Amino acid sequence: MNDGFKAFWAVLTVLAVIVVFWYAACIPMNIKGVLTEQERAGAEVQPPSAKDRRDMSEFGLVLNNSFAIPATWEQDRPRLPAPHQVAVEMWETTVQKKITSKRSLIYHGWVTLSATILGFVIGTGLGVLLAVGIVHSRVMDLSVMPWAIVSQTIPIIALAPMIIVVLYSVGIQGIIPKAVISAYLSFFPVVVGMVKGLRSPDAMQLDLLRTYSASRSQGFWKLRLPASMPYLFTSLKIGIAASLVGAIVGELPTGAVAGLGARLLAGSYYGQTVQIWSALFAAAILAACLVGLLGLVERKVLKRMGMAQ
Amino acid sequence: MNTESTTQPVIEARQLDLTFQTNDGPIHALKDVNLTVDKGEFVSFIGPSGCGKTTFLRCIAALETPTGGTLTVNGMTPDEARRNRAYGYVFQAAGLYPWRTIAKNIKLPLEIMGYSTTEQNERVRSVLELVDLEGFGGKFPWQLSGGMQQRASIARALAFDADILLMDEPFGALDEIVRDHLNEQLLALWARTEKTIGFVTHSIPEAVYLSTKIVVMSPRPGRITDVIDSPLPKERPLDIRDTPEFIEVAHRVREGLRAGHADDE
């Protein structure tokens, strides 16, 4: 067996364990609701009194009513939906819906993705500029860096509504406020990574440039910037994931109009757990794709630069 | 060596002093250093760590500023000499940029100094030939062995044709066989280019094999304890190291090092 094959089986095994655990968890999580439904449908459940059942542990109920186990995986509004229910919901809201439909996950995913990308671009640009300033100016190092750190200690969930309200009051709405929140989250890893990257050339490298009487800008373009590339890509991968979180959080206070955040919020309003979980998975898949895409670009760029073998 | 010539010395240090201010108090890195290096000489600086040999080389390169005395390079201050591209510097590590090919690495100083592209290509070709790396210009540093990388870094220092080559333990990180080979090549290169070379090492055979002048230094404070003008001929095959003359010079260097050490131990 070659390594790729082994890795494939390892991934599959982990996935299988998670799925088995998930199905098992659905049984105690959903048993009370299922028994209430079954009782209404005329089945005999143990104990028969709803009040007694409420005081019993979920595991006791499962032991007494093992006939009801399959039903815990088929509820309309389960506490915890089973994997196949989420999969079916995702299938129906992606492949089987028109992209323009308000119930299409692809439509909502695109709304979130566009804000994510805009925010990521703004955040990355800002992060790189700040890092360049911090590396070249002692004043900026002392004055900007503490604020950049403080900015990340404020919970974004508290800050997001304020950003939206403030921007709305000056007439800005739609994608921009969400992108601003995305940028707010994604600039930080870029600043930290780029500062480290731009400072990564050692004393010998800097001395070498001094022996050529190189100017500061020559030092930047010929040494510091290329040397920072591996650091930049690591930061970008963290930044794009943070951007997605920012865009989703930015969709929550706007009244749940569109986007994956809106799907999450609407799902929790109406107890649509299956919808919540499918939106969560859509966000996770989107994040994985974005990070994967950046990883691909990273490999290509570094290989072209001769920095990866 | 023709010492009768009236040309000015290439490097001249008079009463040179350098004290570093550190948190643990001042460190006297160089004290009363007097040295004259003439054009075309191969000067080795040898001594235990902390004796100031690297610091002295860095002073010549204007990477450190002496706190006392005078130092001239080609009759100028070290700073002016640097701006006039008086020297190429080779560090202990090759320090090639991993994102540049060997040819592009050698072009780095030429780009910074504003040479035209045709001139750059011409010089890269000629220095690659000089260090025996023809055909490796398109390779990335990681594709070369440590010895080849160090040769490429020597080529980079030679690219802008400075009269002086300053080398700070350039072969210190390489194994003995590679080192012997590079020493031989360096002598051939020196004979072809007639450059003045300042060479820091802590290997006695290396210093004796390469140099026309050996400067023995000792630490705390860093100072020169002996300057030995080598009686060996300019033509030096590797087996010159078994001749009585070679062994005698090596012995004198060892004595100088021991004398410097006896003071504080």
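What you see is a predicted model; the values in this text were computed from it and never measured. Here is the naming used below: chain letters follow the sequence lines, and residue numbers restart at 1 for every chain.
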Are there residues of residues 124-155 of chain A whose heavy atoms fall under 4.5 Å of chain B's heavy atoms? If so, which?
none
Region of Arg82(B) in contact with chain A, defined by heavy-atom distances below 4.5 Å:
both
Structural part of Phe140(B) lying under 4.5 Å from a heavy atom of chain A:
side chain
Thr70(B): which residues meet the side chain to side chain contact (heavy atoms under 4.5 Å, CB included) condition with it, sequence neighbours left out?
Arg14(B)
Verify, without hydrogens or angle tests, whether Trp142(B) (side chain) and Gly306(A) (backbone) share a donor-acceptor contact under 3.5 angstrom.
yes
What do you reckon, is CD of Gln143(B) surrounded by more than 12 foreign heavy atoms closer than 6.0 Å?
yes
For chain B, which residues from residues 279-286 of chain A have at least one heavy atom closer than 4.5 Å to it?
none
Considering heavy atoms only, which positions within residues 200-226 of chain A lie below 4.5 Å of chain B?
Met204(A), Gln205(A), Asp207(A), Leu208(A), Leu209(A), Arg210(A), Thr211(A), Tyr212(A), Ser213(A), Ala214(A), Gln218(A), Lys222(A), Leu223(A), Pro226(A)
Tell me, side chain or backbone of Ala157(B) under 4.5 Å from chain A's heavy atoms, or both, or neither?
neither
